[in-house]
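Atoms within a ligand are numbered from 1 in the order they appear, just like the ligands themselves.
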Amino acid sequence: MTSRRDFLAGAALSWSALQQLIKDNGIVNSILDKQKPKQMILATWKNIHAVEASWETLQKGKSILDAVEAGARIPEADPLDTSVGYGGFPDRDGVVTLDACIMDSNGNAGSVVYLQDIMHAVSVARKVMEKTPHVILAGEGALRFALENGFQRENLLTPKARKAWEEWLTKSEYKPKINNERHDTIGIIGVDTNGQLSGACTTSGLAFKRHGRVGDSPIIGAGLYVDQQVGAATATGLGEAVLKKVGAFSIVEMMRQGMHPKKACREAIKRLTQIQTTEPFQVGYIAINVKGEWGAFSLLPGFQATLHTDQGLQVIDAESLK
Ligand code: ASP
């Protein structure tokens with residue numbers, strides 16, 4: 001019969017043999033490396049500064065939730081960015097209204113819609129998620145909640161955005177832009193080395209929209225969806241189209257069935273062609289899965305995504321259906 005001593009000696013030997021094997025054998029190391037989840041940040045459009053900020057936050061040992069929030073706050077504070085936060089183009093009444101949401105790896109979600117006078121809508125959304133039993137706060141109630149939680153009230157309408165609105169008023173034509181050159185409405189999703197996922201999405205919505213209009217970006221399942229078992233997806237473009245097809249949720253569900261993120265984005269884009277419309281529109285989707293695979297796909301050419309992995313940062317020209 002094996003004594004306890006023999007058993008322990010045997011165990012010690014096999015452990016040290018294993019350690020020796022790991023030391024000597026590059027193959028074993030690379031197998032172990034492959035099993036480690038790959039950290040990654042992926043954002044809509046050419047959002048280089050946002051993705052860098054997000055990546056740096058992750059490298060400082062902060063959570064993936066902190067990382068996506070940090071990324072989303074960059075365009076929110078940028079007065080040159082006319083689709084998000086401060087400097088965002090107003091609605092047809094000259095009022096800047098913001099929509100944002102956030103989701104963590106536990107499936108928690110928070111969102112604000114039709115928020116005015118607060119720059120960092122994504123951080124208010126995070127507070128809704130963490131400090132209330134609710135998912136969405138709207139308008140006046142969202143503003144009051146933000147002020148109670150220490151956010152500062154400020155005028156988000158920059159002189160540049162006011163000028164653009166005044167020019168728009170001369171014709172008052174409501175035509176959503178297909179691809180705005182500095183169209184940085186940001187959906188940002190990421191995975192850390194523990195395989196934890198999070199995502200955020202923030203926008204001032206379509207320029208010169210009808211007052212009170214809310215798009216897809218703050219709607220969980222449409223503009224953003226994160227499922228720790230599967231992956232995450234987010235959207236940009238004509239919110240009405242994304243809402244009708246529940247874009248982000250559909251992509252995650254297709255990935256759950258085993259589809260690669262890029263294929264799932266493509267399938268979700270294909271579904272948009274069922275929408276009856278006379279005006280052309282653009283939608284772009286991005287997605288990642290827990291294995292560290294990613295994808296980006298759009299309806300029309302011109303959509304870009306920004307990716308950061310251990311290999312560095314790259315701006316990707318997404319493939320499109322048309
Ligand atoms: N999806 C946003 C909205 O419809 C707009 C955008 O992505 O630019 O509000």
Side-chain angles (χ1 to χ4, degrees), residues 42-47 50 71-72 74-76 78 80-92 95-102 111-116 121-122 125 136 138-139 142 156 161 164 168 174-189 199-225 233-251 265 268-269 272 275 277 279-287 296-300 302-306 318 320:
L42 182 63
T44 53
W45 302 107
K46 192 176 177 180
N47 266 306
I74 298 295
E76 282 184 339
D78 181 355
L80 298 178
D81 189 320
T82 57
S83 344
V84 187
Y86 178 57
F89 281 166
D91 63 18
R92 57 175 63 177
V95 184
V96 180
T97 72
L98 306 181
D99 294 338
C101 72
I102 195 158
S111 152
V112 286
V113 306
Y114 185 62
L115 175 69
Q116 293 169 42
V122 71
I136 306 178
L156 303 180
W168 176 82
Y174 183 62
K175 274 200 183 142
K177 285 206 172 159
I178 301 289
N179 277 314
N180 186 337
E181 288 208 332
R182 271 198 63 88
H183 189 324
D184 302 311
T185 288
I186 187 167
I188 181 163
I189 49 186
C201 191
T202 181
T203 187
S204 52
L206 296 179
F208 320 127
K209 62 196 175 186
R210 178 176 285 279
H211 188 64
R213 180 261 189 194
V214 171
D216 62 309
S217 305
I219 305 302
I220 302 301
L224 175 74
Y225 197 66
T234 187
T236 182
L238 185 68
E240 283 70 9
V242 178
L243 280 164
K244 285 174 192 165
K245 293 293 171 192
V246 201
F249 181 73
S250 329
I251 294 167
C265 289
I269 288 288
L272 297 168
I275 295 172
T277 165
E279 293 289 338
F281 65 91
Q282 172 67 310
V283 167
Y285 289 131
I286 58 171
F297 209 86
S298 61
L299 187 58
L300 302 176
F303 177 51
Q304 290 183 309
T306 309
S320 64

For [X], take its heavy atoms, then give the atoms of ligand 1 lying under 4.0 Å from any of them.
X: D216; answer: 1 (N), 2 (C), 3 (C), 4 (O)
X: S217; answer: 1 (N), 2 (C)
X: G237; answer: 1 (N), 2 (C), 3 (C), 4 (O), 5 (C), 6 (C), 7 (O)
X: T236; answer: 6 (C), 7 (O), 8 (O)
X: G205; answer: 9 (O)

For this session: I would like to know whether L98 and L156 meet side-chain contact (heavy atoms from CB on, under 4.5 Å); could you show each step before the answer?
Result: CA-CA 10 Å; L98 306 181; L156 303 180; 3.7 Å; yes
For this session: Indicate yes or no: at least one non-hydrogen side-chain atom of H211 is less than 4.5 angstrom from one of V95.
Result: yes
Problem set entry | Per-residue contact class, T185 against ligand 1 - non-hydrogen pairs under 4.0 Å | side chain
For this session: Measure the CG-CD1 distance between L42 and I189 for me, rounded to the nearest 0.5 Å.
Result: 5.0 Å
Problem set entry | side-chain contact (heavy atoms from CB on, under 4.5 Å) assessment of E240 paired with I275 | CA-CA 10 Å; E240 283 70 9; I275 295 172; over 6 Å; no
Seminar exercise, completed: Only one of V84, T202, T185, V113 passes side chain to side chain contact (heavy atoms under 4.5 Å, CB included) with D99, and that residue is V113
Exercise. Would you call R213 a ligand 1 contact, heavy-atom distance under 4.0 Å?
Worked result: yes
Exercise. Is G215 in polar range of ligand 1, meaning some N or O pair under 3.5 Å apart?
Worked result: no
For this session: Identify the heavy atoms of I286 and A43 that sit nearest to each other, and give their distance.
Result: CD1-C, 3.5 Å
